[in-house]
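Here is the naming used below: chain letters follow the sequence lines, and residue numbers restart at 1 for every chain. Fair warning: this is a prediction, and the values are worked out from it, not measured in the lab. Computed from heavy atoms alone, side chains included, the values below leave out hydrogens, waters and symmetry copies.
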There are 2 protein chains.
Amino acid sequence: MKNIVLIGSGNVATHLGIALRNEGYNILQVWSKQIESAKLLADKLDCTFTNSLKDLVTADLYITSVKDDKIAEVISNFQNINIAHTSGSIGLEIFKSNFTNCGVFYPLQTFNKEVDITFSEIPLCIEANNPEFEKELLKIGKSLSNSVVKMNSEQRKQLHIAAVFACNFSNHMFSIADDILQKSNIDFNLLHPLIRQTIKKIEKHPPKNVQTGPAKRNDKKIIESHLQSLEKNQQELYKLITNSIISNND
Amino acid sequence: MKNIVLIGSGNVATHLGIALRNEGYNILQVWSKQIESAKLLADKLDCTFTNSLKDLVTADLYITSVKDDKIAEVISNFQNINIAHTSGSIGLEIFKSNFTNCGVFYPLQTFNKEVDITFSEIPLCIEANNPEFEKELLKIGKSLSNSVVKMNSEQRKQLHIAAVFACNFSNHMFSIADDILQKSNIDFNLLHPLIRQTIKKIEKHPPKNVQTGPAKRNDKKIIESHLQSLEKNQQELYKLITNSIISNND
């Protein structure tokens with residue numbers, strides 16, 4: 001399976017396409033509803049591009065990385081091609097029984113086009129509707145990453161939810177910290193060593209075991225004084241998360 | 001100010017004491033209410049120890065790292081010594097007018113006795129009740145850390161609140177992710193590359209600008225499907241944080 005068409009041209013398609021090309025796969029074509037976006041990625045991958053699903057060229061494998069709520073619509077245009085989607089949240093059942101070979105190729109990572117990434121370190125979660133196709137997807141996965149795991153749709157969904165907490169929600173905590181500091185003219189960079197240490201701890205210990213802070217100590221005076229100086233939206237978050245940590249102390 | 005007495009023997013006192021000793025300061029004595037804990041740290045610092053505040057030896061500087069709600073009680077035993085506390089949340093006013101030289105020496109970091117730390121990378125926030133003493137504390141700070149800043153009590157309080165979000169609350173997000181994965185027999189280590197990338201992004205970009213995920217995309221279907229598979233406590237957190245991210249999108 002050397003000849004691949006990419007359906008989608010967003011963050012995932014971009015990083016995946018570049019990684020595939022670096023490993024010697026032929027990216028034949030990029031499709032995107034927005035022709036400029038298709039062209040942009042096609043230029044990077046040195047291939048053709050289109051905004052018409054009817055005009056896709058013949059390939060060994062079609063990888064669709066469109067938004068989750070567009071997958072069903074996109075794949076309704078096809079049958080009996082070898083196809084995989086890259087979503088954490090969408091199950092294998094979205095392909096119905098329209099494909100002999102269909103599967104999932106989910107890179108567990110947070111992608112921004114403008115932030116570099118080492119693809120070989122990204123865990124790839126593979127699922128397929130039959131052992132032969134699964135083997136093919138695993139083979140491609142292993143050529144791109146040192147961390148390839150088989151995972152069914154329900155596990156992948158749970159992993160995706162965990163990733164939302166670990167990545168999106170922790171990033172939002174950093175974002176609120178940034179808001180608070182900006183108001184007091186304090187540089188967010190001052191928090192970098194603290195954040196790095198927070199990560200260093202959980203690489204060796206379960207997060208629960210290395211929790212620190214006023215909630216962990218159930219230090220009511222400090223918690224109250226913090227609440228008083230927060231804005232309403234921040235206050236609600238502070239309260240709920242603090243209570244959740246406290247209930248974990250038991 | 002070479003001769004120092006440590007009042008307290010917890011995580012902060014331990015890491016600070018070791019760093020001070022490594023830089024050639026003489027730690028004369030460790031006080032703790034719990035004599036075993038005082039002895040443990042005194043052994044590490046090769047000094048005497050006591051559990052009686054009346055028996056403290058004469059020193060150039062007394063650094064108190066007791067819990068926030070014990071600071072007032074502890075310092076009520078003294079007057080006219082050179083004293084600093086290490087709390088992010090407690091203002092300089094706690095010393096009242098009982099001391100000619102008093103100040104704050106706040107290391108912005110998350111400390112666990114069992115997790116190693118590079119003290120030179122820890123930002124130290126310094127405040128004092130007069131310029132001369134401030135200069136002394138800044139000098140000690142600069143001998144321990146590459147990142148020493150002057151900061152008043154109100155700024156320090158805001159910084160501490162920001163740190164609670166950036167460190168304690170993000171750690172709780174990791175903890176919930178761990179809970180979710182354990183239920184599905186998935187190894188938490190699988191999330192490490194994602195978490196590392198999340199941190200890498202905010203070292204170069206404001207967190208708000210690199211937010212990703214279902215809330216950022218306002219992907220209602222995925223959000224709803226995630227909510228349905230979460231436990232009640234997790235559900236409430238998911239909802240509130242998601243709404244907070246969505247309101248940030250505007």
Side-chain angles (χ1 to χ4, degrees), chain A residues 68-69 89 108-110 112 115 117 121-123 155 158-159 161-178 180-181 184 186 190-195 197-199 201-203 206-208 210-215 219 221-222 225-226 233 236-237 240-241 244-245, chain B residues 68-69 89 108-110 112 115 117 121-123 155 158-159 161-178 180-181 184 186 190-195 197-199 201-203 206-208 210-215 219 221-222 225-226 233 236-237 240-241 244-245:
Chain A
D68 287 353
D69 57 355
S89 303
L108 176 64
Q109 192 46 278
T110 170
N112 293 74
V115 181
I117 210 157
E121 292 170 5
I122 301 175
Q155 284 180 306
Q158 294 304 319
L159 177 62
I161 298 175
V164 166
F165 277 93
C167 164
N168 305 149
F169 288 179
S170 65
N171 188 72
H172 191 56
M173 299 301 121
F174 304 143
S175 182
I176 293 172
D178 191 18
I180 293 168
L181 293 183
S184 295
I186 303 171
L190 217 54
L191 286 179
H192 286 167
L194 176 66
I195 293 171
Q197 184 71 9
T198 304
I199 305 316
K201 292 199 304 188
I202 61 156
E203 300 218 331
K208 200 174 166 176
V210 290
Q211 184 61 270
T212 57
D219 187 334
K221 255 195 188 165
I222 298 293
S225 114
H226 284 179
N233 169 37
E236 281 179 63
L237 284 168
L240 197 62
I241 299 171
S244 177
I245 294 173
Chain B
D68 287 354
D69 56 355
S89 304
L108 176 64
Q109 191 48 277
T110 170
N112 293 73
V115 182
I117 211 157
E121 292 170 6
I122 300 175
Q155 285 180 305
Q158 294 305 319
L159 178 62
I161 298 176
V164 167
F165 276 93
C167 165
N168 305 150
F169 288 179
S170 66
N171 187 74
H172 191 54
M173 299 301 120
F174 303 143
S175 181
I176 293 173
D178 191 17
I180 293 168
L181 293 183
S184 295
I186 303 170
L190 216 55
L191 286 179
H192 285 166
L194 176 67
I195 294 170
Q197 185 70 11
T198 305
I199 305 317
K201 291 198 307 187
I202 61 157
E203 300 217 331
K208 200 173 165 175
V210 289
Q211 184 60 270
T212 58
D219 187 336
K221 256 195 187 166
I222 298 294
S225 114
H226 283 179
N233 170 36
E236 281 179 62
L237 284 167
L240 197 63
I241 299 170
S244 178
I245 295 173

Nearest 0.5 angstrom please: A/Leu191 CG to B/Gln109 CD, how far? 10.0 Å

Supply the atom-to-atom distance A/Leu240 CG to B/Asn233 CG, rounded to the nearest 0.5 angstrom. 7.0 Å

For the residue pair B/Asn171 and A/Pro207, establish whether any side-chain heavy-atom pair is separated by less than 4.5 Å. yes

So what's closer than 4.5 Å to chain A heavy atoms on B/Ile222: side chain, backbone, both or neither? side chain

With a 4.5 Å heavy-atom cut-off, do B/Ser244 and A/Glu236 have their side chains touching? no

Of the listed B/Val210, B/Leu181, B/Ile161, the one with the largest count of heavy-atom pairs under 4.5 Å with chain A is B/Ile161

Among B/Ile117, B/Ile122, B/Asp69, B/Ile202, the residue with the most heavy-atom pairs under 4.5 Å to chain A is B/Ile202

B/Asp178 and A/Lys208: CA distance, side-chain angles, deciding distance, side-chain contact (heavy atoms from CB on, under 4.5 Å) verdict: CA-CA 9 Å; B/Asp178 191 17; A/Lys208 200 174 166 176; 5.9 Å; no

Please give me the minimum heavy-atom distance between B/Gln155 and A/Ser184, naming the atom from each residue. NE2-O, 3.4 Å

Heavy atoms of A/Phe169 and B/Met173 approach each other most closely as CB-SD, 3.7 Å

Note, A/Asp68 side chain near B/Pro214 side chain (heavy atom, < 4.5 Å): no

Spatial distance of atom CD (A/Gln197) from atom SG (B/Cys167) [nearest 0.5 Å]: 9.0 Å

Under 4.5 Å from any heavy atom of chain B - which part of A/Ile186: side chain

Interatomic distance, CG@A/Asn168 vs OG1@B/Thr212, rounded to 0.5 Å, equals 4.5 Å

If you compare all heavy atoms of B/Ala162 against all heavy atoms of A/Ala177, which two are closest, and at what distance to 0.1 Å? O-CB, 3.4 Å

Residue B/Ile176 versus chain A: region with a heavy atom under 4.5 Å: side chain

Given a strict heavy-atom distance threshold of 4.5 Å, which part of B/Leu237 is in contact with chain A: side chain, backbone, both, or neither? both

Roughly how far, to the nearest 0.5 Å, is the CG atom of B/Leu108 from the NE2 atom of A/His192? 11.5 Å

Could you tell me which portion of B/Val164 (side chain, backbone, both or neither) has an atom closer than 4.5 angstrom to a non-hydrogen atom of chain A? side chain

With a 4.5 angstrom heavy-atom cut-off, is it the side chain or the backbone of B/Leu159 that approaches chain A, or both, or neither? both

Measuring from atom CD1 of A/Ile241 to atom OG of B/Ser170, what distance do you get when rounded to the nearest 0.5 angstrom? 9.5 Å

Return the option, out of A/His172, A/Lys201, A/His226, with the maximum number of heavy-atom pairs under 4.5 Å with chain B. A/His172

